[in-house]
Amino acid sequence: MEALRLLSMLMVLNLHSCWCFEACNGIGQGFEFLRKATSICAVDVFLIISGYFGIKWKLKSFFNLIFQLFFYSFGVYLVVTAFGVVDFSMNGLLQCAKATYASWGFISGYVVLYFVAPLINAFVDKVGKKELLMYILVFYLAKVFLCRYEDFFLYFLLYLVGRFIHKVKLVEKLKLNSSLGYWYTTILIFMVSYCLYLFTGLKTADQQSEFILALNYVSPFIISQAVFLFVVFARMKFQSKIVNWLSVSCLSIFLIHMHPAIKEIGYYAYSKSLYTLPVLHHIGMLFVLIVGVFFGSILIDKVRIQISNLVYRILQWMVENIKMQSSFSHLAMKTKILIYNE
C-alpha cells in the first residue's frame with residue numbers, strides 16, 4: 001500500500017501540472033482533460049488509505065508531522081529568499097508560523113483529522129456495518145447540500161469510507177474488476193468534465209469544482225475511482241524496502257512544491273510555461289519536472305528526518321531529566337519530613 005501513497009503523490013504532481021482550461025485547445029486540450037481525469041482522485045485515495053489502516057495516536061508520529069510542517073514552512077521560505085527567488089520580509093517570515101492552519105489547505109484538514117481519528121475509530125468499532133453506511137450517506141449529503149465549503153467534512157467522509165472498506169472487507173469481497181472500474185470511472189470523469197467545458201458555461205476548474213458531478217472531490221465518480229484504485233493496490237502482494245523507504249517521505253513532495261511562497265511562481269508557473277513548447281519537448285520536460293520534484297523532495301526529506309529524530313531525542317532527554325529532578329526533589333522533601341518528625 002506504500003506504493004499507492006507514492007502514486008497518489010505522483011498523481012498530485014501530474015494534476016498540478018495540468019492546465020487544460022487555460023493553456024491549450026483542440027485535440028491537445030482533450031488529452032489534457034483525460035490526463036487530469038486520471039489523477040483527480042489523488043486526495044481521495046490518500047485519505048481512504050488513512051481511513052483503511054486507521055490513524056493511531058502516537059506522540060512521536062504527531063511530533064514528526066508538526067515538525068515536518070514547520071520545517072518546510074520556514075525552511076523553504078528561508079532558502080528561496082536566500083537565493084533571491086522572493087524578497088525577504090519579516091511579515092513573510094511570520095506567515096510561516098501558520099504552517100498548521102493556513103499554509104497548505106489539505107494539511108490543515110489532515111491535522112484536524114489526526115486529532116479526531118481516535119474518536120472516529122472508536123465510533124466505527126461500536127457501530128454495525130449498515131449503521132456505518134448510513135452515517136457515511138448522512139455525511140455525504142451534509143457535505144453536498146449543507147457544508148459544501150467545509151473541507152473538514154470531506155476528510156471525515158473519506159476517512160469513514162476507508163474505515164468502511166476495512167470493516168466490510170471490501171477488498172476481499174468485491175467481485176468487480178477493480179482495474180477496469182478505475183478506467184471506466186476515469187473515462188466517465190473525462191467525458192463529463194470535457195463536455196461541460198465544451199457545451200456549458202463551466203469554463204474554469206473552480207467553476208467545475210462547484211458542480212457535484214464534475215471535478216469535485218466529493219463527486220460519486222471520483223470517490224468510486226479512488227475506491228477502485230485502492231482495491232487494485234490492496235490486492236497486490238507486493239513488498240519492497242525501497243518503496244517503504246521512499247513512502248516515509250511522500251508528504252514532503254506536497255509540502256515543498258505547494259509551499260505558498262513559491263507554488264505560483266515555481267511549480268505552477270514553470271509547468272504552465274511548458275505549453276509554449278513543441279509537444280514532444282513539452283512531454284519530455286514535464287517528465288523531468290515531475291520526476292525531479294518527486295525524488296528531489298524525498299532526498300531533502302531524508303535530511304529532515306535525521307534532524308527531526310535528533311530534536312525528538314533531545315526533547316525526550318530533557319523531559320526525562322525534569323522528571324528525575326522532580327523525583328529527587330520529592331524524595332528529598334519526604335526525607336526532610338521524616339527527619340523533622342523524628
Side-chain angles (χ1 to χ4, degrees), residues 1 4-5 8 37 40-57 100-101 104-176 178 181-182 184-186 188-189 192-193 196 202 205-234:
M1 197 56 68
L4 183 55
R5 291 185 196 274
S8 69
I40 192 66
C41 67
V43 170
D44 294 35
V45 167
F46 198 86
L47 292 167
I48 287 173
I49 293 172
S50 298
Y52 183 83
F53 292 102
I55 296 174
K56 298 173 179 62
W57 180 267
T100 57
Y101 64 91
W104 299 277
F106 168 76
I107 295 300
S108 302
Y110 194 76
V111 171
V112 172
L113 182 60
Y114 201 98
F115 279 103
V116 178
L119 298 176
I120 298 177
N121 295 341
F123 166 75
V124 171
D125 290 341
K126 290 183 179 180
V127 300
K129 299 172 184 176
K130 291 182 179 180
E131 289 177 289
L132 179 56
L133 180 58
M134 288 301 299
Y135 278 110
I136 290 174
L137 291 175
V138 169
F139 259 86
Y140 184 83
L141 293 174
K143 172 61 181 172
V144 172
F145 296 109
L146 301 176
C147 307
R148 179 67 65 88
Y149 303 105
E150 300 297 332
D151 288 340
F152 298 131
F153 259 73
L154 173 67
Y155 303 140
F156 298 158
L157 170 66
L158 294 171
Y159 188 86
L160 279 173
V161 170
R163 298 305 298 155
F164 179 78
I165 293 171
H166 183 271
K167 193 176 185 74
V168 302
K169 301 186 185 303
L170 187 68
V171 173
E172 296 83 6
K173 294 182 179 180
L174 186 65
K175 302 299 183 183
L176 298 176
S178 300
Y182 166 77
Y184 286 153
T185 50
T186 296
L188 186 59
I189 293 165
V192 170
S193 61
L196 286 172
L202 302 179
D206 287 340
Q207 289 175 341
Q208 290 218 8
S209 67
E210 292 287 325
F211 187 61
I212 194 62
L213 296 179
L215 301 178
N216 188 311
Y217 291 134
V218 80
S219 162
F221 305 143
I222 294 175
I223 294 177
S224 299
Q225 181 191 35
V227 170
F228 280 126
L229 187 61
F230 174 85
V231 172
V232 169
F233 277 80

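- Applying the ring pair (Phe, Tyr, Trp, His ring centres under 6.0 Å) test between His166 and each of Tyr52, Tyr159, Phe53 identifies Tyr52 as the sole match.
- To the nearest 0.5 Å, the span separating CG on Leu4 from CD1 on Ile49 amounts to 3.5 Å.
- Tyr135 OH: 12 or fewer foreign heavy atoms inside a 6.0 Å radius.
- Around the OH atom of Tyr184, the shell of radius 6.0 Å holds no more than 12 heavy atoms that belong to other residues, nucleotides or ligands.
- Side chain of Tyr110 to main chain of Leu47: no donor-acceptor pair is present (N/O by atom type, distance under 3.5 Å, no hydrogens or angles).
- Here the side chain of Ser224 pairs a donor or acceptor atom with the backbone of Pro220 at under 3.5 angstrom.
- Closest of all the heavy-atom pairs between Ile55 and Asn121 is O-ND2, 3.1 Å.
- In terms of heavy-atom proximity, Lys167 sits nearest to Asp125 at NZ-O, 4.0 Å.
- Between Phe139 and Phe153, the gap from one ring centroid to the other is short of 6.0 Å.
- Although no hydrogens or angles enter the test, the distance criterion places a donor-acceptor pair under 3.5 Å between the side chain of Gln225 and the main chain of Ala37.
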Start with the C-alpha gap between Leu158 and Phe46, add the side-chain angles, then the distance that decides, and say whether side chain to side chain contact (heavy atoms under 4.5 Å, CB included) holds.
-> CA-CA 9 Å; Leu158 294 171; Phe46 198 86; over 6 Å; no
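- Closest approach of Phe156 to Val112, counting heavy atoms only: CZ-CG1, 4.0 Å.
- Closest of all the heavy-atom pairs between Ile48 and Ile165 is CG2-CD1, 3.9 Å.
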